[in-house]
Protein chains: 2
Amino acid sequence: MPAAKHSATPSYRPLYEQIRILLTQSLVAGEWKPGEMIPSELELAARYRVSQGTVRKAIDALASEHILVRRQGKGTFVASHTQPAYQYRFLRVMPDTGEKLHPQNLFLELKKVKAGAEHAASLKIKATTPVHSIKRVLLFHDRPLIHDEIVLAAAQFPGLTLPKLEEFKGSMYMFYETVYGLRMIRAEERLRSVAADAATAAHLNVAPGAPLLCVDRIAFTYGDKPVEWRRGLCLTDGFSYYNELS
Amino acid sequence: MPAAKHSATPSYRPLYEQIRILLTQSLVAGEWKPGEMIPSELELAARYRVSQGTVRKAIDALASEHILVRRQGKGTFVASHTQPAYQYRFLRVMPDTGEKLHPQNLFLELKKVKAGAEHAASLKIKATTPVHSIKRVLLFHDRPLIHDEIVLAAAQFPGLTLPKLEEFKGSMYMFYETVYGLRMIRAEERLRSVAADAATAAHLNVAPGAPLLCVDRIAFTYGDKPVEWRRGLCLTDGFSYYNELS
DNA sequence: CAGTGGTCTAGACCACTGC
DNA sequence: CAGTGGTCTAGACCACTGG
């Protein structure tokens, strides 16, 4: 017997949708951590007093968003940026050769500053709230490829220091996840073509004025909560930003 | 009674997958045309001798690829670029204001030429095969925004002429669909940042050397058959290429 | 082998559309 | 109202994993 076929909210909300929300809440609460296995479909069906099929549909939805990962014969797992296939989940820049891009991090600085208007709006915090501003360069085969500025709300990343970033081996999102328990599930990007300014040109070892791909990104964790603002300036000489439209 | 739970192919193929293939074949054969309603789930279930649930799963897959569109209470329809929501399905460039982009076409030329190596590889045809090369500019509020070169296999677009393009009102994909029965379902894009050459600069009314977003696209019809190669050079001053990562 | 996810069925009922 | 897609169930069986 299902708990309730209808919710109190104005418009109709199917059961599997309610289950999806409950599962998400458990994820937010940390009941199951990234990489861990969640209970089997039959267990969850029993817990929520619904049929296996309904649980399946809820899990299907979360799996299609890459929040959960199903593995036949093993179980269903919380997706993690530490899993090999998810290491560079959001990195769309790739060599035109088809080679795999495993860039190297070179951190330039970490400053604690006050959020400007754009950062504040993106991160849904008040302007002048303290934020960390990180600058780094991504190297590919020892050649500088991308210059990033990354802005994070200081309140969400207490005790963040340059050495901590530098000693960590792996992507930023792996870092957020393992050190701060923040798993990024989604991002929005806006791309523009810009001319390199002097400072960026120096970092990327190109002439000032060279055309660069400017990628503005906002990354979100569970519940569409924005966590990271990022501006990447990227060389596209032998590299390109790949996208599938469907 | 299902026709067969296993296919003859080496590895296991579920029934709903076989149904999905049959539906796709009917679409390719033109049994149901863009915009038309396909038979109801129960009819299809009877036709293929499977349960409604199995048909549902096949349709779900096609709907998630935007090949079919479900409308509760009405039926399931073949997606069409002529439907308002699908007009500019693959246009990711948008004003930073959030305004909707309804660009205007200005055709510059149509030439019949031989396919070069890149076009041939992209369209999976032999080099030197005849192709149409179309050049146009997209205007937004009378301001030139994008310069496109579009390459199509001549064999697939017989009798294509500039006047035909010019008299047609709507997007290119609407044109392919309504005039040649070719519905594009998917595209791959590669983005780069480039400096405007003299000719492009003139068309877009900017200084030579200005940074432009170069968008190379291959668009596919049913069965991943490539139909269109396109190179767009786009101003990103007040506009940007929007993308969601998940 | 037991346990997991994956498929498929048959049937009941709900929500939405348009006549 | 009939007809469509959408939800939910209960149960059978298949495919895959690992001990």
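Model, not experiment: these values are computed from the prediction. In the text below, chain A, chain B and the rest are named by the order of the sequence lines, each starting its count at 1.
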Out of D/dC8, C/dG5, C/dC8, minimum distance to the side chain of A/Ser40 belongs to C/dG5

Ring geometry between B/His102 and B/Tyr88 (parallel below 30°, tilted from 30 to 60°, perpendicular above 60°): tilted

Here the distance between atom C1' of C/dG6 and atom CG of A/Leu42, to the nearest Å, is 12 Å

What nucleotide, of C/dT9, D/dG6, C/dG5, holds the atom closest to the side chain of A/Arg70? C/dG5

Given C/dG5, D/dG5, C/dT9, the nucleotide with the shortest approach to the side chain of A/Thr76: C/dG5

Where the side chain of A/Gln72 is defined as all heavy atoms beyond and including C-beta, which of D/dT7, C/dA15, D/dC16 is the nearest nucleotide? D/dC16

B/Leu62 CG to D/dG5 P, straight-line distance once rounded to whole Å: 14 Å

Would you mind telling me which of C/dT17, D/dT4, C/dG5 lies closest to the side-chain atoms of A/Arg56? C/dG5

Report the base-pairing partner of D/dG18 (Watson-Crick or G-U wobble, both distances below 3.5 angstrom), or none. C/dC1

Please verify the inter-ring angle class for B/Tyr176 with B/Phe157; under 30° counts as parallel, over 60° as perpendicular, anything in between as tilted. perpendicular

Closest to side chain of B/Tyr16, choosing from D/dG6, C/dT7, C/dG5: C/dT7

Take A/Gly73 and A/Asp60, find for each the nucleotide of DNA chain C with the closest heavy atom, and name the residue whose nucleotide sits nearer the 5' end. A/Gly73

Rounded to whole Å, the CD-C1' distance (A/Glu41 to D/dA12) equals 16 Å

Considering every strand and a 4.0 Å limit on heavy-atom distances, what is the contact class for A/Arg71: base, sugar-phosphate, or nothing? sugar-phosphate

Distance in angstrom units between A/Ile59 CD1 and C/dT7 P, rounded: 14 Å

Nearest-Å distance, NZ (A/Lys57) to C1' (C/dG5)? 18 Å

Measure from CZ on B/Phe77 to P on C/dT17 and round the result to the nearest Å. 12 Å

If I take atom CZ in residue B/Arg13 and atom P in nucleotide C/dC8, what distance separates them, rounded to the nearest angstrom? 12 Å

Is the shortest side-chain N/O distance from A/Lys74 to OP1 or OP2 of D/dG18 below 4.0 Å? yes

For the residue pair A/Tyr173 and A/His81, does the interplanar ring angle fall in the parallel (under 30°), tilted (30 to 60°) or perpendicular (over 60°) class? tilted

Where the side chain of B/Arg217 meets the backbone of B/Phe90, is there a donor-acceptor pair that is under 3.5 Å apart? yes

If I take atom CG in residue B/Leu15 and atom P in nucleotide D/dA15, what distance separates them, rounded to the nearest angstrom? 12 Å

Compare the minimum distances between each of D/dT7, D/dT9, D/dG6 and the side chain of A/Tyr12, then state the nucleotide with the smallest one. D/dT7

Hey, which sits more toward the 5' end of DNA chain C by its nearest nucleotide, B/Gln52 or B/Val55? B/Val55

Look at the side chain of B/Ser51 and decide which nucleotide, out of D/dG5, C/dT9, C/dC8, has an atom nearest to it. C/dT9

Are the side chain of B/Thr54 and the backbone of B/Val50 linked by a donor-acceptor contact shorter than 3.5 Å? no

B/Thr221 side chain to B/Arg183 backbone, donor-acceptor under 3.5 Å: yes

